[in-house]
Amino acid sequence: QRLSCDSLWLGADLVTLRDGRYQIIHDGALAVAEGKIAWAGPQAQLPAYNADTTTHFDGGIITPGFIDCHTHLMFGGDRSDEFEQRLNGVSYADIAANGGGILSTVRATRAATEQQLVESARQRLALLLAEGVTTVEIKSGYGLDIDSEVKMLRAIRQLAAQVPAQVVATCLAAHAVPPEYAGRADAWITTLSDQLLPQVAREQLADAVDAFCEHLAFSPAQVKTLFNTATQLGLPVKLHAEQLSALGGSALAARYHALSADHLEYLTEEDVQAMAASGTVAVLLPGAFYLPRETQRPPVELLRQYGVPMAIASDANPGTSPALSLRLMLNMACTLFRLTPEEALAGVTYHAAKALGQQASHGSLEVGKVADFVHWPIARPAELTYWLGGQLPCTTVYRGSVRHGTV
Ligand SMILES: O=C(O)CC[C@@H]1NC(=O)NC1=O
Ligand SMILES: [Fe+3]
């Protein structure tokens, strides 16, 4: 009795990332049916399938599709001028005094149409997709008024409909205090809780709610207010926490069973214990450590010791991480934060899926999961973190069919 499937993929080693480890199946085979993995194992044990198409790779490895679980990919303008000013000796304070920084991106985002936001984000997304990204999370947070935040979230949903990758939307309206609310952060949090979040939930404009817990942004108490509303509305939460100081944001996020706490350079052992207990994923963002030339690294040893899952993401944003290569982030995670190549690869697959609440359907080559995978013409997985910059040629397969790249 021959089985039937839509496609078979043969001739490469399967780096399955089951349980967040390589778990390599040499000379493996994948069978795909209705966009999901129907069978994965050694080709010698492949059952007799009638397949509509069969692809024979000439060696190389197949990994799960890459998941960039933390980006601010949608924004107006860019801040390359400030980058140049800083290197010519202009201080952050002077740049901010001249209207620079995050608020200059807010002005450019408010001035952009929804279509312009979609188009500029799509061009940046194309670079990620060329490197094997099959899922990307994109945050709002540069609108900072109700209409502009809704415009951003609608633009993210529009972009999702135009690309083969899965696009997940996160509402980060609590990214900075809007200029109209200067000195009145509580009032902005109230506006978000009373107006924006109910609309986000009602119109399904976002899949999670995020906030920036930092002295220059929102306090743990203000984050708590926001998280109470999000939880009541049934929206999962995540948090930019311990990036520049230890405010206990990560432990607060863990108490709300946040999907993830992100940045974490100033994470304490107490925070790590709370995250381990709640299953909250630690999302590390080496690009936002590298560009601002930070010195305090996240406590990777502690996260390992307590078994807190570590994800790696680009944090693509015009200010602190204008990074449009997830593979470069893999190298930085190893070179700067001392992750192993296996941990880094799990950080953009298995653990990144969990940071988006998608561990049941994404992040490893296992039967029943979505058939998002990438073929790399390389000999071993470590080459994905080893080769600096540039783009390795790869073949990206989304839900078993749409391809990107060369075979
Ligand atoms: O500078 C920007 O545009 C965003 C900075 C970015 N946002 C955040 O919460 N932390 C960051 O590093
Ligand atoms: Fe961020």
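Counting starts at 1 for both ligands and their atoms, in listed order.
Electrostatic pairing of Asp6 and Lys36 does not count as a salt bridge here, judged by no charged N lying under 4.0 Å from a carboxylate O.
The distance between the ring centers of Trp9 and Phe373 falls below 6.0 angstrom.
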Practice problem: Output, in order, the C-alpha distance, side-chain angles, deciding distance and verdict of salt bridge (charged side-chain N to carboxylate O under 4.0 Å, His left out) for Asp207 and Arg157. | Solution: CA-CA 11 Å; Asp207 306 295; Arg157 291 306 199 204; 2.9 Å; yes
Practice problem: Under the side-chain hydrogen bond (donor to acceptor under 3.5 Å, both in side chains) rule, what do His240 and Asp262 come out as? Steps first, then yes or no, please. | Solution: CA-CA 5 Å; His240 285 66; Asp262 303 41; 5.9 Å; no
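Within 4.0 Å of ligand 1, the residues that place a heavy atom are Arg79, Ile102, Tyr142, His175, Phe212, His240, Gln243, His263, Asn317, Gly319, Thr320, listed by chain and number.
Legend: protein N/O/S atoms lying under 2.8 Å from the Fe ion (ligand 2), waters omitted, number 4.
The stretch residues 293-309 participates, sequence neighbours left out, in these salt bridge (Lys or Arg N to Asp or Glu O under 4.0 Å) pairs: Glu301-Arg304, Arg304-Glu343. Pairs of residues two or more places apart, or lying in two chains, that qualify as salt bridge (Lys or Arg N to Asp or Glu O under 4.0 Å) and include a residue from residues 72-96 are Arg79-Glu82.
Nearest heavy atom pair, residue Pro286 against residue Met332, reads CB-CB, 3.6 Å.
More than 12 heavy atoms of other residues, nucleotides or ligands lie within 6.0 Å of CH2 in Trp39, so this atom counts as buried by the packing criterion.
In this structure, Phe212 and His175 have tilted ring planes: the angle between them lies in the 30° to 60° band.
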